J.: 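I have a structure I would like to understand better, so I am pasting it below and will then ask my questions one at a time.
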Amino acid sequence: MLLIARAPVRISFAGGGTDLPAYFTRYGGQVLSATLNRYVYTILSPAPRAAHLISANYSLFHQYAPDRDAMWDGNLSLPRAILEAFGNPGGIDLFIAAQVPPGTGLGSSGSLAVAMIAALAAWSGWSLSRAEIAELACQIEIERLGMPVGKQDQYAAAFGGLNRIRFEAGGVAVERVPIAPEVRQALERRLRLFYTGQARPSSTILKTQQRATAEEDPQVLRRLHLLKALAEDMEERLTVGDLDGFGRLLHEAWALKRGLAASISNDFIDRCYAAAREAGAIGGKITGAGGGGFLLLYCPEHAMEAVTKAMTDMELKPMDVAFDDQGVQVFRVE
């Protein structure tokens with residue numbers, strides 16, 4: 001038997017940073033995000049004896065030993081820690097691959113955790129809800145490995161769709177945005193991702209942001225409070241079909257976000273964004289924590305060609321946007 005699990009990556013429009021425990025346990029957080037039809041895959045198949053991990057994106061191989069500490073450095077620390085959470089899974093080959101480059105701000109590590117947990121749960125006969133899969137992924141990333149990440153990526157990957165996700169000390173609520181089908185289709189046409197060619201680990205930016213939040217830096221808290229409010233305002237624009245209004249709020253959110261930490265943007269990103277706006281884009285942002293990855297832009301349809309040319313002239317690579325509604329899925333192949 002072959003078992004395949006996949007979890008979508010996501011784009012976040014507003015509220016990023018309010019999903020960090022340092023913020024939401026005191027103030028409550030919320031993000032507006034959508035999952036894309038780009039996935040992180042986990043493929044499980046039987047093996048004679050030990051559990052083997054193979055990562056296509058990092059060209060790495062690891063043989064799991066249950067008596068070894070999961071707190072290693074390296075790109076396989078997360079899948080190793082997930083294997084440990086399931087005890088000794090026995091003889092399996094576990095292959096991991098993603099449709100996006102790692103470290104590009106689309107939440108791929110959270111998607112990896114969700115896909116791998118769903119696959120191992122199905123393999124081991126565990127019955128886990130989407131919320132339980134997401135929460136276990138958060139527990140392993142945040143508590144077990146001490147990664148300075150929030151909770152939005154794991155819940156987005158588990159549930160899928162265009163959602164407002166609320167974070168409180170007592171739990172997480174995922175609320176689907178009620179958007180008309182024709183408005184959703186227009187939104188997909190007017191959003192485009194452009195790969196900057198700059199991958200980066202988000203940990204440095206997030207550690208700085210988390211520390212400033214914990215220390216109650218007034219400027220950082222003010223921006224986070226405003227970003228949280230913008231998530232709700234942007235949802236309202238989508239529900240009434242005001243997509244250009246949504247785009248203008250996306251621009252406001254980027255202006256707030258880039259002030260959270262100095263390394264969120266750089267001269268190249270600023271020049272790209274200015275060129276996109278000059279060509280007709282209404283709003284946009286760097287995906288994820290910032291510093292590189294994909295530039296997300298909202299453009300009226302008449303300006304899309306000019307904006308795409310401006311970005312490709314700056315050697316950014318375009319990627320169309322289409323949403324995923326399914327979240328994590330598991331398939332069995334006999």
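Model, not experiment: these values are computed from the prediction.
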J.: I'd like to know if the side chain of Thr25 and the backbone of Ala169 have a donor-acceptor N/O pair within less than 3.5 Å.
T.: no

J.: With a 4.5 Å limit on heavy-atom distance, are the side chains of Phe246 and Leu187 in contact?
T.: yes

J.: Which distance, rounded to the nearest 0.5 Å, do you find between the CG of Leu249 and the CD of Glu232?
T.: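 Leu249 CG to Glu232 CD: 12.0 Å, rounded to 0.5 Å.
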
J.: Would the number of heavy atoms belonging to other residues, nucleotides or ligands and lying under 6.0 Å from CD of Glu305 be above 12?
T.: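 For Glu305, atom CD is not crowded (no more than 12 foreign heavy atoms under 6.0 Å).
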
J.: Going by an N to O cut-off under 4.0 Å, is there a salt bridge joining Lys151 and Asp19?
T.: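 No, this pair does not count.
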
J.: Between atom CG of Leu94 and atom CH2 of Trp123, what is the distance when rounded to the nearest 0.5 Å?
T.: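 The CH2 atom of Trp123 is 9.5 Å from CG of Leu94, to the nearest 0.5 Å.
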
J.: Judged by atom type as modelled, is there a donor-acceptor pair below 3.5 Å linking the side chain of Asn163 to the main-chain atoms of Ile165?
T.: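 No: the side chain of Asn163 does not pair with the backbone of Ile165.
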
J.: First locate atom SG of Cys138, then atom CD of Gln152, and finally report the distance between them rounded to the nearest 0.5 Å.
T.: 10.5 Å

J.: Side chains of Phe331 and Leu2: does their closest heavy-atom pair fall under 4.5 Å?
T.: no

J.: Just by modelled atom types, is the Gly28 backbone N or O under 3.5 Å from a matching donor or acceptor in the Lys228 side chain?
T.: yes

J.: Can you tell me how far CZ of Arg144 sits from CG of Leu136, rounded to the nearest 0.5 angstrom?
T.: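 Rounded to the nearest 0.5 Å, the CG-CZ separation comes to 12.5 Å.
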
J.: Is there a path of hydrophobic side-chain contacts, each under 4.5 Å between heavy atoms of I, L, V, M, F, W or Y residues, that connects Phe159 with Val172?
T.: yes

J.: Report yes if some heavy atom in the side chain of Leu256 is under 4.5 Å from a heavy atom in the side chain of Arg223; otherwise report no.
T.: yes

J.: Just checking Glu168: does its CD atom have more than 12 heavy atoms from other residues, nucleotides or ligands closer to it than 6.0 angstrom?
T.: yes

J.: Return the CZ to CG distance between Arg10 and Asp324, rounded to the nearest 0.5 Å.
T.: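 Reported to 0.5 Å precision, the distance equals 14.0 Å.
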
J.: What I want to find out is whether Asp313 reaches Lys309 closely enough, with some N-O distance under 4.0 Å, to be called a salt bridge.
T.: yes

J.: Can any side-chain N or O of Lys285 pair as donor or acceptor with the backbone N or O of Ser12 at less than 3.5 Å?
T.: yes

J.: Is the shortest side-chain heavy-atom distance between Leu36 and Leu193 below 4.5 Å?
T.: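 Leu36 reaches Leu193 side chain to side chain.
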
J.: Look at the side chain of Thr239 and the backbone N and O of Val177, then say whether any donor-acceptor pair between them is shorter than 3.5 Å.
T.: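 No, the answer is negative, given that no donor and acceptor are paired below the 3.5 Å cut-off.
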
J.: Do side-chain atoms of Glu188 reach the backbone of Ala322 as a donor and acceptor pair under 3.5 angstrom?
T.: no

J.: Below 4.5 Å, heavy atoms only, C-beta onward: do Phe294 and Leu316 meet side chain to side chain?
T.: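 The answer is no, as the side chains (C-beta and beyond) never meet within the 4.5 Å cut-off.
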
J.: Can you find a pair of side-chain heavy atoms, one from Arg192 and one from Thr308, that are under 4.5 Å apart?
T.: yes

J.: Can you measure from OG (Ser77) to CG (Leu145) and round to the nearest 0.5 angstrom?
T.: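 Ser77 atom OG to Leu145 atom CG measures 5.5 Å (nearest 0.5 Å).
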
J.: Does the side chain of Leu162 reach to within under 4.5 Å of the side chain of Thr35, using non-hydrogen atoms?
T.: no

J.: Any donor and acceptor pair, going by atom type alone, linking the side chain of Arg190 with main-chain N or O of Asp244 inside 3.5 Å?
T.: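 No: the side chain of Arg190 does not pair with the backbone of Asp244.
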
J.: Count the heavy atoms of every other residue, nucleotide or ligand shown that sit under 6.0 Å from CD of Glu278, and state whether that count exceeds 12.
T.: no

J.: Taking atom types as modelled, is there a side-chain donor on Arg166 or Gln30 under 3.5 Å from an acceptor on the other?
T.: no

J.: Assess the pair Phe86 and Trp126: is the distance between their ring centroids shorter than 6.0 Å?
T.: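 Yes: the rings meet the under 6.0 Å criterion.
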
J.: Under a single-linkage definition using a 4.5 Å side-chain heavy-atom cutoff for Ile, Leu, Val, Met, Phe, Trp and Tyr, are Met147 and Val40 assigned to the same hydrophobic cluster?
T.: yes

J.: With the side chain counted from C-beta on, respond yes when Ser33 and Tyr155 share a heavy-atom pair under 4.5 Å apart, and no when they do not.
T.: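 Not in contact.
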
J.: For Gly293, does its backbone N or O pair with a side-chain atom of Thr196 as donor and acceptor, under 3.5 Å?
T.: yes

